Amino acid sequence: MKQKLIGYAATLAAVLGGTVAVATPAQAATPAIQITKVYYNSPGTDNRSNSSLNAEYVKLTNRRSTTINLKSWTLRDKSSHVYKFATDFRLASGASVYIHTGKGTNTSTHRYWGSGAYIWNNTGDTAYLRNSAGTAIDSCSWGSSGSYTYC
């Protein structure tokens, strides 16, 4: 029955000189918080210095028109290294936050994992973002070439 209705609508639109727009699945919608860039291969030699570790990061961007609290949200890799927003962290509409691998002082735009080792594999990996309920919100994968990827 549904297919017949779509067929009738398409025929009517063609007769009237218009087009029929088909809705896309909800899964195809842009996530509220999106992984927009991963810098997985920090510049220079991988010497585990804090500056080298902090040059490895994930950028998250709020794609909604409202502020979103990321408290208890997690960012992880395939090996289950987990960064958790342990306290209230409000990301304004259109704003971004960088999650750096190394140590530093957290601010409204830069957060620090506190790791003494690299998290993101240069040979390919995936970043996974989950909300406080554990629901998958976004992911970003890359292969073995380059130093960063836009998601």
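All heavy atoms count here, side chains included; hydrogens, waters and symmetry mates do not. Every value quoted in this text rests on a predicted model; they were computed, and no experiment measured them.
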Exercise for review: For Tyr118, look at atom OH and say whether over 12 heavy atoms of other residues, nucleotides or ligands are found less than 6.0 Å away.
Suggested key: yes
**Study point:** Check: Thr45/Asn47 side-chain N/O donor and acceptor closer than 3.5 Å
**Key:** no
Review point. Does a donor on one side chain and an acceptor on the other come within less than 3.5 Å for Ser144 and Thr123?
Key: no
Practice item. Please collect all salt bridge (charged side-chain N to carboxylate O under 4.0 Å, His left out) contacts where either partner lies in residues 67-96, sequence neighbours excluded, each pair once. Key: Asp88-Arg90
Give every residue pair that meets the disulfide bond (SG atoms under 2.5 Å apart) criterion with at least one member in [range], sequence neighbours excluded.
range: residues 34-67; result: none
range: residues 95-131; result: none
range: residues 80-151; result: Cys140-Cys151

Report yes if the side chains of [X] and [Y] come closer than 4.5 Å at any heavy-atom pair, otherwise no.
X: Asn41; Y: Asp46; answer: yes
X: Tyr40; Y: Asn121; answer: no
X: Arg111; Y: Phe89; answer: yes
X: Trp142; Y: Trp120; answer: yes
X: Ser147; Y: Tyr39; answer: yes
X: Leu75; Y: Val58; answer: yes

Revision key, fill the gap. Here the gap from Asp138 atom CG to Arg63 atom CZ, rounded to the nearest 0.5 Å, amounts to 9.5 Å
Practice item. Sequence neighbours left out, what passes ring-ring contact (aromatic ring centres under 6.0 Å, His included) with Trp73? Give chain and number order. Key: none
I'd like a table of donor-acceptor pairs (distance under 3.5 Å, sequence neighbours excluded) in which one partner is a side-chain atom from residues 94-105, with atom names and distances.
unit_1: Ser96; atom_1: OG; unit_2: Thr61; atom_2: OG1; d: 2.8
unit_1: His100; atom_1: ND1; unit_2: Asn54; atom_2: O; d: 2.7
unit_1: His100; atom_1: NE2; unit_2: His110; atom_2: ND1; d: 2.8
unit_1: Thr101; atom_1: OG1; unit_2: Glu56; atom_2: O; d: 3.4
unit_1: Thr101; atom_1: OG1; unit_2: Glu56; atom_2: OE1; d: 2.7

Closest heavy-atom pair and its distance - [X], [Y]:
X: Lys37; Y: Tyr57; result: NZ-OH, 3.4 Å
X: Ser141; Y: Thr126; result: OG-OG1, 2.8 Å
X: Ile33; Y: Ile137; result: O-CG2, 3.4 Å

Practice item. Could you tell me whether the side chain of Ser115 and the main chain of Ala117 form a donor-acceptor pair under 3.5 Å? Key: yes
